[in-house]
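I have placed the structure first, in the form of structure tokens, so that the comments after it can refer back to it.
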Amino acid sequence: MGAKAQSGAERESNTVGKARTTSIWRKIYGQRYLQVMALLGVAWMIVFNYIPMYGIIIAFKDYDIIFSISEAPWVGLEHFKAFLEDDSLPYVIKNTLGMSLFKLLIGFPLPIIFALLLNELRSAIFKRWVQTISYLPHFLSWVILGGIMATFLADVGIINKMLMAFGWIDEPIMYLAEPQYFWSIVVSSDIWKELGWSAIIYLAAISSVSPELYEAATIDGAGRFQKIWNITLPSIKGTISILFILAISGVLNSNFDQILVLRNALNETSSNVIDVYVYQTGLASGRYSYATAVGLIKSLIALVLLLAANRVTKRLSDTSLF
């Protein structure tokens with residue numbers, strides 16, 4: 001009797017499993033066009049992101065471009081040791097972390113504040129006008145923006161003319177030739193380029209907040225600042241947490257395009273970051289294995305930062321990537 005009951009239960013379980021599988025395939029077939037689009041994205045990621053990862057092994061080899069990767073001799077951790085003993089390592093790390101932390105401390109909260117201010121505008125036309133003006137620089141390359149910055153900051157540029165007109169300086173300053181100004185130029189230009197575009201994500205999150213919450217707060221006599229602090233910010237806390245985790249994991253990324261356009265021989269002591277260092281040692285000097293080792297160290301540190309930020313954020317706000 002027990003065997004029959006067990007057999008019946010197994011048949012019922014198999015029937016349920018088959019029905020569930022059939023339902024899944026029907027759902028996939030119904031979404032076949034979306035599935036094809038998703039598969040194309042997966043294929044692109046595999047071809048351009050995962051297959052090239054095979055080349056990471058040259059970090060452990062003495063690779064030369066005239067030979068294949070498999071023919072290069074193994075050298076173990078020699079390139080990693082050479083990087084850690086390099087005399088330029090301290091100021092490369094200092095410049096990378098310095099600019100990235102300034103961008104994080106100043107550039108991360110500004111889009112949130114800007115989105116909150118835009119959300120409080122009552123005129124829809126003026127709001128769209130401000131938003132369009134603010135995110136327009138995002139669509140310009142750093143080659144163009146770098147030229148604009150170089151023109152503005154030249155000795156005959158608008159910045160020097162304004163400062164001299166107000167009497168704040170007596171003679172023009174060559175800002176891009178002075179290392180002490182480079183970090184400020186990088187951070188301010190990055191904010192100028194990405195402020196409006198970064199605020200779009202927060203505006204989208206704010207738009208999903210229920211209007212009933214604001215109506216209830218208005219009835220209770222809450223002002224604008226109280227609504228922002230007690231309703232808007234808590235409602236977009238998840239979005240802020242996710243973007244903060246991603247920002248922490250990218251601390252060692254110094255926006256290579258921006259740095260390469262703005263740097264020169266005179267400000268090299270403040271502009272030599274990890275990305276530029278990898279470019280110079282890898283492509284310019286032909287030390288491919290060494291540059292790959294440096295890039296691998298950077299990626300491993302970024303992974304550790306991502307996991308740490310994800311864990312801390314999950315404990316503090318119950319929001320995480322995984």
Side-chain angles (χ1 to χ4, degrees), residues 21 23-61 63 65 67-70 72 96 100 103 107-108 111 135-146 190 193-194 196-205 238-261 273-279 281-284 288-307 309-310 313 319-322:
T21 303
S23 175
I24 291 174
W25 281 111
R26 285 178 179 174
K27 186 175 182 180
I28 292 175
Y29 181 77
Q31 300 175 345
R32 57 189 180 277
Y33 301 113
L34 294 176
Q35 297 294 339
V36 169
M37 293 175 62
L39 287 175
L40 290 175
V42 171
W44 181 91
M45 185 175 296
I46 291 173
V47 171
F48 292 100
N49 289 346
Y50 285 95
I51 293 178
M53 289 181 69
Y54 167 73
I56 289 177
I57 65 173
I58 70 174
F60 307 94
K61 291 189 167 192
Y63 175 71
I65 195 172
F67 300 108
S68 66
I69 295 177
S70 59
T96 304
S100 296
K103 286 182 180 180
F108 183 78
Y135 67 61
L136 184 61
H138 171 80
F139 297 99
L140 300 177
S141 69
W142 273 113
V143 176
I144 297 173
L145 289 179
D190 185 75
K193 187 176 189 295
E194 301 296 341
W197 184 257
S198 300
I200 293 177
I201 300 176
Y202 299 109
L203 285 171
T239 303
I240 295 174
S241 299
I242 296 298
L243 293 178
F244 182 73
I245 292 172
L246 296 176
I248 289 292
S249 65
V251 162
L252 294 182
N253 293 327
S254 305
N255 200 338
F256 174 75
D257 296 343
Q258 179 191 20
I259 303 295
L260 193 64
V261 168
V273 295
I274 292 179
D275 291 336
V276 173
Y277 181 80
V278 170
Y279 165 73
T281 56
L283 293 180
Y288 303 107
S289 295
Y290 181 80
T292 304
V294 177
L296 184 56
I297 292 175
K298 174 187 169 184
S299 299
L300 291 175
I301 295 175
L303 177 61
V304 172
L305 290 174
L306 174 65
L307 295 175
N310 185 76
T313 306
T319 304
S320 61
L321 285 173
F322 45 83

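The first residue of the sequence shown is numbered 1, and numbering continues consecutively from there.
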Is the backbone of [Y] close enough, under 3.5 Å, to the side chain of [X] for a donor and an acceptor to pair up by distance?
X: S100; Y: S254; answer: no
X: S289; Y: Y63; answer: yes
X: T281; Y: A291; answer: no

So does F244 have more than 12 non-hydrogen atoms from other groups sitting under 6.0 Å from CZ?
no

Taking everything shown except F108 itself, do over 12 heavy atoms lie less than 6.0 Å from its CZ?
yes

Starting at [atom1] of [X], measure out to [atom2] of [Y] and round the result to the nearest 0.5 Å.
X: L260; Y: N255; atom1: CG; atom2: CG; result: 10.5 Å
X: T313; Y: L243; atom1: OG1; atom2: CG; result: 11.0 Å
X: K193; Y: L145; atom1: NZ; atom2: CG; result: 6.0 Å
X: I274; Y: I301; atom1: CD1; atom2: CD1; result: 6.5 Å
X: I58; Y: I65; atom1: CD1; atom2: CD1; result: 10.0 Å
X: L246; Y: S241; atom1: CG; atom2: OG; result: 11.0 Å

Working note: I69 + Y54, criterion side-chain contact (heavy atoms from CB on, under 4.5 Å); need CA distance, chi angles, decisive distance, verdict.
CA-CA 9 Å; I69 295 177; Y54 167 73; 4.0 Å; yes

Please state whether the rings of Y135 and F139 are parallel, tilted or perpendicular, taking 30° and 60° as the class boundaries.
perpendicular

Evaluate the criterion side-chain contact (heavy atoms from CB on, under 4.5 Å) for residue pair I240 and Y202; output intermediate values, then yes/no.
CA-CA 8 Å; I240 295 174; Y202 299 109; 3.8 Å; yes

Do we get R26 above Y29's six-membered ring, with its NZ or CZ under 6.0 Å from the centre and within 45° of the axis?
no

Test side-chain contact (heavy atoms from CB on, under 4.5 Å) on T292 and F60 and set out the steps.
CA-CA 9 Å; T292 304; F60 307 94; over 6 Å; no

Can you see which heavy atom on L252 is nearest to which on K298, and at what distance?
O-CE, 3.4 Å

Heavy atoms of A302 and S249 approach each other most closely as CB-O, 3.4 Å

Take I24 and I28, measure what side-chain contact (heavy atoms from CB on, under 4.5 Å) needs, and give me the verdict at the end.
CA-CA 6 Å; I24 291 174; I28 292 175; 3.9 Å; yes

